[in-house]
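Presented below is the structure to which this report refers.
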Amino acid sequence: QAAGHQQEIQVGADGKADGGPAGVRHAAEIGEAGDTHKQITAHIIKALETFSKDRVGALIVFERETSLYDIVETGTVVDAQLSEQLLGNIFYEGSPLHDGAVIIRDGRIYAAGCVLPLTRNNTISKELGTRHRAGIGITENSDALVIIVSEETGIISMASDGQLSRFLDIKTVEKTLLNMYLNTGE
């Protein structure tokens with residue numbers, strides 16, 4: 001009988017049995033996911049602040065429901081934990097991947113050096129370069145959210161649904177990212 005009880009506890013510890021009320025574990029998982037999203041957002045925000053200040057061009061694409069498999073194939077799969085330092089290394093001007101886009105999938109840097117389709121919208125300001133046109137282009141055919149940092153001005157922009165929002169402050173970007181993660185329930 002004692003051995004049977006130990007086995008039950010063992011199974012519970014392995015996570016194969018309930019181990020407690022389902023609601024408790026579910027709440028803990030939600031808490032962990034929320035913390036993870038805050039950490040991911042914090043890394044991105046720190047990197048964006050540095051890129052903006054130092055005028056490092058960046059193009060960061062957040063994959064949502066629409067798969068960006070075809071875009072990933074144009075770059076290099078990295079599949080690495082997201083960090084401010086890794087983003088900095090990727091977008092550093094001497095890096096072979098710095099001119100392309102980074103794809104963020106499930107809170108990880110999934111691919112880098114990716115080529116995005118350019119927007120065909122001719123009404124976009126002539127002062128916007130390829131990075132901005134690519135950022136808008138990918139959002140015209142997907143539900144991706146894109147953050148763009150201009151290397152000329154350090155201005156941070158966001159694109160979604162084929163629309164570009166420019167001159168964003170870091171708090172607006174942070175709020176948008178946190179809301180995106182909250183709404184996806186990842």
Side-chain angles (χ1 to χ4, degrees), residues 26 29-49 51-52 57-84 86-87 90-91 97-125 128-150 155-186:
H26 185 64
E29 287 171 359
I30 290 171
E32 288 171 17
D35 289 345
T36 302
H37 296 146
K38 286 179 186 169
Q39 290 170 348
I40 291 166
T41 300
H43 285 296
I44 292 166
I45 293 302
K46 285 179 189 169
L48 291 174
E49 286 175 324
F51 296 162
S52 180
L59 185 54
I60 303 172
V61 180
F62 295 85
E63 182 183 63
R64 291 155 108 173
E65 294 296 316
T66 307
S67 171
L68 300 177
Y69 179 78
D70 291 351
I71 301 300
V72 166
E73 284 190 324
T74 67
T76 301
V77 172
V78 179
D79 195 18
Q81 184 173 340
L82 195 151
S83 72
E84 173 190 359
L86 184 53
L87 285 171
I90 290 169
F91 288 115
L97 302 174
H98 85 278
D99 266 337
V102 161
I103 307 296
I104 306 292
R105 176 183 286 171
D106 298 326
R108 294 176 61 80
I109 297 175
Y110 189 72
C114 298
V115 177
L116 304 182
L118 301 181
T119 183
R120 295 176 191 207
N121 183 341
N122 294 328
T123 63
I124 291 175
S125 170
L128 296 177
T130 306
R131 188 172 283 118
H132 289 83
R133 293 177 187 284
I136 296 165
I138 190 64
T139 70
E140 291 172 339
N141 299 308
S142 75
D143 63 351
L145 174 72
V146 180
I147 300 175
I148 305 138
V149 180
S150 167
I155 292 169
I156 300 172
S157 304
M158 279 184 145
S160 64
D161 299 319
Q163 301 297 312
L164 184 71
S165 302
R166 295 186 69 204
F167 307 104
L168 298 178
D169 63 72
I170 212 72
K171 284 291 177 200
T172 302
V173 175
E174 182 177 33
K175 185 177 175 185
T176 302
L177 289 175
L178 289 171
N179 284 336
M180 176 188 71
Y181 284 124
L182 186 65
N183 292 332
T184 59
E186 287 177 5

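Hydrogens, waters and symmetry mates are skipped; everything else that's a heavy atom, side chains included, is used.
To the nearest 0.5 Å, the span separating CD1 on Ile40 from CG on Asp106 amounts to 9.0 Å. For the atom pair CG of Leu116 and CG of Asp70, the computed distance is 12.0 Å after rounding to the nearest 0.5 Å. If you take OG on Ser165 and CD1 on Ile147, they are separated by 11.5 Å, rounding to the nearest 0.5 Å. To the nearest 0.5 Å, atom CE of residue Met180 and atom CG of residue Leu182 are 11.0 Å apart. Taken from NZ in Lys38 to CG in Leu177, the straight-line distance is 14.0 Å, to the nearest 0.5 Å.
Annotation: salt bridge (Lys or Arg N to Asp or Glu O under 4.0 Å) contacts of Asp79 (sequence neighbours excluded): Arg108. For Ser160, the side-chain contact (heavy atoms from CB on, under 4.5 Å) partners two or more places apart in sequence, or in a different chain, are Leu145. In terms of the side-chain contact (heavy atoms from CB on, under 4.5 Å) criterion, residue partners of Ser83 (sequence neighbours excluded) are, by chain and number, His43, Gln85, Leu86. The side-chain contact (heavy atoms from CB on, under 4.5 Å) check on Ala42 picks up nothing, with sequence neighbours excluded. By the side chain to side chain donor-acceptor pair (under 3.5 Å) test, Glu73 pairs with Tyr69, sequence neighbours left out. In terms of the side chain to side chain donor-acceptor pair (under 3.5 Å) criterion, residue partners of Thr119 (sequence neighbours excluded) are, by chain and number, Glu140. Phe62 is linked by a ring-ring contact (aromatic ring centres under 6.0 Å, His included) to nothing, counting only residues two or more places apart in sequence or in another chain. Looking at residues two or more places apart in sequence or on another chain, you find no side chain to side chain donor-acceptor pair (under 3.5 Å) involving Asp99. Listed by chain and number, the residues in a side-chain contact (heavy atoms from CB on, under 4.5 Å) with Ala58 are Phe51, Phe91, Val149 (sequence neighbours excluded). In this structure, the side chain to side chain donor-acceptor pair (under 3.5 Å) partners of Thr123, at least two apart in sequence or on a different chain, are Asn121.
Screening residues 129-139 for side chain to side chain donor-acceptor pair (under 3.5 Å) gives Arg131-Glu151 as the qualifying pairs, with residues at least two apart or on separate chains. For residues 166-175, the set of pairs meeting the salt bridge (charged side-chain N to carboxylate O under 4.0 Å, His left out) definition, not counting sequence neighbours, comprises Glu127-Arg166, Lys171-Glu174.
Although no hydrogens or angles enter the test, the distance criterion places no donor-acceptor pair under 3.5 Å between the side chain of Thr66 and the main chain of Ser142. Under a 3.5 Å cut-off, the side chain of Arg64 and the backbone N or O of Asp143 do form a donor-acceptor pair. Side chain of Glu63 to backbone of Arg105: no donor-acceptor contact under 3.5 angstrom is found.
For Leu87 against Ala47, the heavy-atom pair with the smallest separation is CD1-CB, 4.0 Å. Smallest separation of non-hydrogen atoms from Leu68 and Ala144: CD1-CB, 4.3 Å. When all heavy atoms of Ser157 and Leu164 are compared, the pair lying nearest together is CB-CD1, 3.7 Å.
Looking at heavy atoms from C-beta onward, Ile71 lies out of side-chain contact with Val61 at the 4.5 angstrom threshold. Tyr110 has its side chain within reach of Val77: a pair of non-hydrogen atoms, C-beta onward, lies under 4.5 Å apart. Between Met158 and Val173, some side-chain heavy-atom pair lies under the 4.5 Å cut-off. Side-chain contact between Leu59 and Val102 is absent, with no heavy atoms from C-beta onward closer than 4.5 Å. Within the 4.5 Å cutoff, the side chain of Leu168 has no heavy atoms near those of the Thr176 side chain. Within the 4.5 Å cutoff, the side chain of Val72 has no heavy atoms near those of the Ser67 side chain.
Here the options are Leu82, Ile103, Ile60, the test is side-chain contact (heavy atoms from CB on, under 4.5 Å), and the partner is Ile109; only Leu82 passes.
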